[in-house]
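Chain identifiers are assigned alphabetically (A, B, ...) following the order of the sequence lines, protein sequences preceding nucleic acid strands; residue numbering begins at 1 within each chain.
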2 protein chains.
Amino acid sequence: MTTEKRRAPAGAAVLRGEITSAIRTAVMQELAEVGYGRLSIEAVARRAGVSKTAIYRRWRSKLDLVLDMVSAVAGRNIPLLDTGSLLGDLEILLHVMARALRHRLAAQIIPDLLAEAARNPQIAEKLQTALDDYQQAVGRILIGRAVERGELSPDTDRRAAVDLIVGPVYWRMAISRAPLEAAEVPRMAAAIVAALRVACLGPARDEVEV
Amino acid sequence: MTTEKRRAPAGAAVLRGEITSAIRTAVMQELAEVGYGRLSIEAVARRAGVSKTAIYRRWRSKLDLVLDMVSAVAGRNIPLLDTGSLLGDLEILLHVMARALRHRLAAQIIPDLLAEAARNPQIAEKLQTALDDYQQAVGRILIGRAVERGELSPDTDRRAAVDLIVGPVYWRMAISRAPLEAAEVPRMAAAIVAALRVACLGPARDEVEV
DNA sequence: GAACGTCGGGACGCAACCGTACCGTCGTTG
DNA sequence: CAACGACGGTACGGTTGCGTCCCGACGTTC
């Protein structure tokens with residue numbers, strides 16, 4: 001290819017960032033409103049006040065568009081503060097999750113995409129890696145620190161631990177769709193700590209005492 | 001209306017049950033495959049080997065059809081066996097939930113409809129009442145019995161308890177989509193019992209704000 | 001200030017689906 | 001055994017969305 005004579009695009013021949021971000025927010029809103037299944041490029045374009053071509057110039061298809069959004073959002077990893085105790089760490093994590101799921105958009109988009117992931121391999125892959133990263137981070141860092149401190153047994157099952165930690169918040173906010181008051185977090189955190197302590201003891205062979 | 005001369009429909013003029021049920025299973029499969037958002041009557045008809053008219057004669061619209069399916073499935077309440085101990089009751093419940101979510105159809109349809117419920121008031125209502133029934137049943141019966149036995153404090157927060165019980169299984173099977181081995185159930189049940197014990201101790205009493 | 005070249009917008013062809021109207025079929029009823 | 005009447009199937013207009021093509025507009029570069 002003799003591209004030597006070519007000069008870089010300039011002037012009006014350059015993607016306008018404002019439009020790109022207008023599309024992005026429109027996609028989020030549309031995704032929340034109708035879900036991935038019914039997401040239409042035309043609706044996105046309408047909502048963004050933009051032509052369809054503007055979208056197709058940036059992303060090859062609807063799937064590409066959504067995949068890009070997902071990786072953009074899921075890419076940023078959560079900071080897991082070290083408060084010095086498992087209980088403290090958990091409270092922070094629960095607060096962060098609750099805060100995230102309190103946003104209307106997130107609370108609608110996340111369950112929707114997770115459901116869609118069950119049937120769309122591309123979305124599943126993108127989402128699953130993000131989810132795995134998240135779970136691993138929680139498992140390794142949060143549980144790992146607790147093990148180092150001696151708060152949990154070294155042979156704690158990381159996956160089971162993640163289920164016990166993340167499950168209740170997600171169920172409460174995304175499925176049951178009941179608000180989680182900040183005041184409830186400490187209690188939930190304490191309950192989870194108790195659960196984690198028991199979970200690493202292995203199968204319930206012993207009788208439980210009051 | 002002078003319906004006196006009317007005689008009851010008979011012969012070929014009666015809905016054929018085989019076709020009705022063919023439609024029903026087709027809807028379930030289609031729902032699992034493409035989700036509610038993309039569910040199309042034509043596809044259902046094709047899959048069932050039936051005409052669209054056959055469907056429209058039975059249900060007024062796509063929404064009606066799905067609502068009917070939901071109430072049919074969600075209507076049947078789960079039997080909660082009394083094993084004599086909270087731990088035993090929990091193990092049973094977890095097994096039942098795990099068994100249900102192991103079915104491919106259920107594991108795809110349930111999250112999908114729950115996500116859809118977030119934006120469709122009609123589905124939300126049907127599903128929410130079913131969910132509430134379920135949660136109440138778990139809360140009242142399972143927790144209630146444990147309280148009677150003295151295993152849990154009388155002022156246990158039912159809602160928080162349900163979150164701790166149902167959340168982990170749901171997360172594991174429907175979101176994380178990792179298999180839950182039967183051997184893991186006892187451990188998870190034991191962990192949940194521990195969590196419930198702590199949860200009813202009340203909030204961390206130092207900070208109680210709304 | 002003219003040339004450049006991509007930009008956004010509107011229009012197009014194509015495909016899928018919705019919900020309805022009509023038509024011949026068929027089993028029961030009297 | 002004939003009449004009944006809802007049955008299932010086909011065909012149809014209308015709508016929506018996809019992805020593409022062509023056009024005039026526009027800001028930078030030389």
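- Computed from coordinates, the Glu18(A) CD to dG8(C) P distance equals 10 Å when rounded to whole Å.
- Side chain Arg16(B) to base dG8(D): no donor-acceptor pair is found below 3.5 Å.
- In terms of modelled atom types and a separation under 3.5 Å, the side chain of Arg177(B) and the main chain of Ala174(B) share a donor-acceptor contact.
- Nearest-nucleotide assignment on DNA chain D puts the 5′-proximal partner with Arg57(B), out of Ser61(A) and Arg57(B).
- Side-chain atoms of Gln108(A) come within 3.5 Å of backbone atoms of Ala118(B) as a donor-acceptor pair (strictly under, hydrogens ignored).
- Rounded to whole Å, the distance from CZ on Arg60(B) to P on dT20(C) is 10 Å.
- Taking atom CD1 of Ile19(B) as the reference point, atom P of dC26(C) lies 13 Å away to the nearest angstrom.
- Protein atom CD of Glu30(A) is 10 Å distant from nucleotide atom P of dC18(D), rounded to whole Å.
- At whole-Å resolution of the value, CG in Leu15(A) and P in dG27(D) are 16 Å apart.
- In this structure, Lys62(B) places its NZ atom 13 Å from C1' of dA16(C), rounding to the nearest Å.
- A side-chain contact (heavy atoms from CB on, under 4.5 Å) with Ile143(A) holds for exactly one of Asp89(A), Ile165(A), Val162(A); it is Ile165(A).
- Scanning both residues, Ala106(A) and Pro111(A), for their nearest heavy atoms gives O-CD, 3.8 Å.
- Annotation: proximity of residues 37-53 of chain B to DNA chain C (heavy atom, distance under 4.0 Å) is found for Leu39(B), Ser40(B), Ile41(B), Glu42(B), Arg46(B), Lys52(B), Thr53(B), numbered in ascending order.
- At a cut-off of 3.5 Å, with distance as the only test, no side-chain donor of Arg159(A) or Gln135(A) sits close to an acceptor on the other residue.
- One atom, CG of Leu63(B), and another, P of dC18(C), lie 13 Å apart when rounded to the nearest Å.
- One interatomic measurement links the two molecules: CZ of Arg58(B) to C1' of dG9(D), which rounds to 13 Å at whole-angstrom precision.
- Cation-pi geometry between Lys62(A) and Tyr36(A) is satisfied (NZ or CZ under 6.0 Å from the ring centre, within 45° of the ring normal).
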